[in-house]
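Only one structure is covered here, and it is reproduced in the block below.
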Amino acid sequence: MRKRTLFSLAAGTVAAGAATLAYASLVERNMFTLRRFDVPVLAPDAEPLRILHISDLHMMPEQRRKQRWVAALAATDPDLVVVTGDNMADPAAVPGVLRALQPLLDLPGAFVFGSNDYRGPIFKNPFSYFNPNREYVQGAELPADELRQVLTDAGWTDLNNARTTIKAGGRVIELVGVDDPHVERDDYPLVAGPASDLADLHVALTHSPEPPLLDLMAADGFDLLLAGHTHGGQVCVPFYGALVTNCGLPRNMVKGLHRWPGSDSWLHVSAGLGTHPTAPVRFACPPEASLLTLIPR
């Protein structure tokens with residue numbers, strides 16, 4: 001009787017694990033979700049302004065469902081589109097990225113890159129993410145320059161270690177961004193300085209939301225800090241949340257909208273729309289894009 005009980009428990013555990021894996025790999029990773037947040041950063045009596053935040057597409061050429069879903073986001077009618085990196089997961093992914101973004105390219109837009117815009121992913125032991133001192137290894141070279149050229153030719157602003165102002169939604173918006181801190185491509189001192197009094201809004205972009213960098217951006221007076229990279233944990237435990245953030249952020253800030261500590265700035269971290277191609281699962285953390293409606297303070 002005891003052996004049968006143990007066997008039944010073991011069989012039940014295996015079946016539950018298999019069902020969870022099937023759900024995470026076949027269902028939830030395709031449950032694309034649009035999050036909506038109100039962000040109180042505008043001057044009193046200002047009209048709302050909408051920012052569509054897209055991150056971590058990790059596009060593979062054949063992912064047509066994801067491409068169609070992202071393309072349909074044009075119907076949200078944003079004033080500004082922001083992309084915070086890791087667009088590609090394959091050297092042949094540029095056409096797929098463009099199928100996704102094409103309907104949005106007629107709108108004002110800005111972008112920074114992540115490590116998976118420069119080099120492709122390779123298989124990693126998932127438990128290595130619990131080791132902050134692990135060696136970082138990357139795969140095949142990706143066509144970052146080709147993607148950059150297409151986006152800038154469409155009029156989008158390249159904010160990889162750059163700073164500028166644009167007009168969107170009838171407002172002057174000051175933008176600053178860095179290349180990916182996760183692989184030490186960032187150079188914030190190159191673009192640092194107090195936010196301009198001549199702009200109506202100040203927005204900062206980075207792929208990886210590293211706290212020392214966010215502190216500097218907030219100290220310079222940027223109202224809204226936008227990042228991706230974390231995948232929201234990608235695999236979360238119900239009622240507990242993310243196990244790791246893959247950066248210096250605490251777990252409770254792994255995704256969503258938060259006031260950045262010690263400042264008047266707001267941080268939005270996108271859980272992103274993709275997965276690592278060697279671990280194509282999401283659990284308790286659906287893929288997402290976000291529509292941020294900026295409203296008066």
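Predicted model, so just to flag it, every value in this text is computed and none were measured.
Interatomic distance, CG of L273 versus CH2 of W69, reported as 5.5 Å (0.5 Å rounding). Put simply, CG on L224 and NE2 on H202 are 12.0 Å apart, with the number rounded to the nearest 0.5 Å. A distance of 10.5 Å separates CD of Q234 from CZ of R29, quoted to the nearest 0.5 Å. Distance check, rounded to the nearest 0.5 Å: OG of S265 to CE of M217 gives 10.5 Å. Annotation: the span from M253 atom CE to L214 atom CG amounts to 8.0 Å, rounded to 0.5 Å. Here the CG-CH2 distance, from D38 to W266, works out to 10.5 Å after rounding to the nearest 0.5 Å.
In this structure, R68 forms no cation-pi arrangement with F32, as its terminal cationic atom is not both closer than 6.0 Å to the ring centre and no more than 45° off the ring axis. A cation-pi contact, defined as under 6.0 Å to the ring centre and within 45° of the axis, links R185 to Y118.
At a threshold of 4.5 Å between non-hydrogen side-chain atoms, the residues D158 and F111 count as touching. Within the 4.5 Å cutoff, side-chain heavy atoms of I51 are placed close to those of L294. Taking 4.5 Å as the limit, some side-chain heavy atom of R50 sits within range of a side-chain heavy atom of L291. When side chains are defined from C-beta on, T206 does not count as touching Y188, because their heavy atoms never get closer than 4.5 Å. A heavy-atom distance below 4.5 Å is found between the side chains of R64 and Q67. Here the side chains of N246 and V254 are not in contact, with every heavy-atom distance at 4.5 Å or above.
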Exercise. Can H53 and R35 be said to form a side chain to side chain contact (heavy atoms under 4.5 Å, CB included), step by step?
Worked result: CA-CA 10 Å; H53 183 190; R35 305 290 186 197; over 6 Å; no
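Checking N87, D86, T84 one by one against S55, the side-chain hydrogen bond (donor to acceptor under 3.5 Å, both in side chains) holds for a single residue, T84.
When all heavy atoms of L107 and P78 are compared, the closest pair comes out as CD1-CG, 3.7 Å. Nearest heavy atom pair, residue T230 against residue P209, reads CG2-CG, 4.1 Å.
The aromatic rings of H229 and H182 are tilted relative to each other, their planes meeting at an angle between 30° and 60°.
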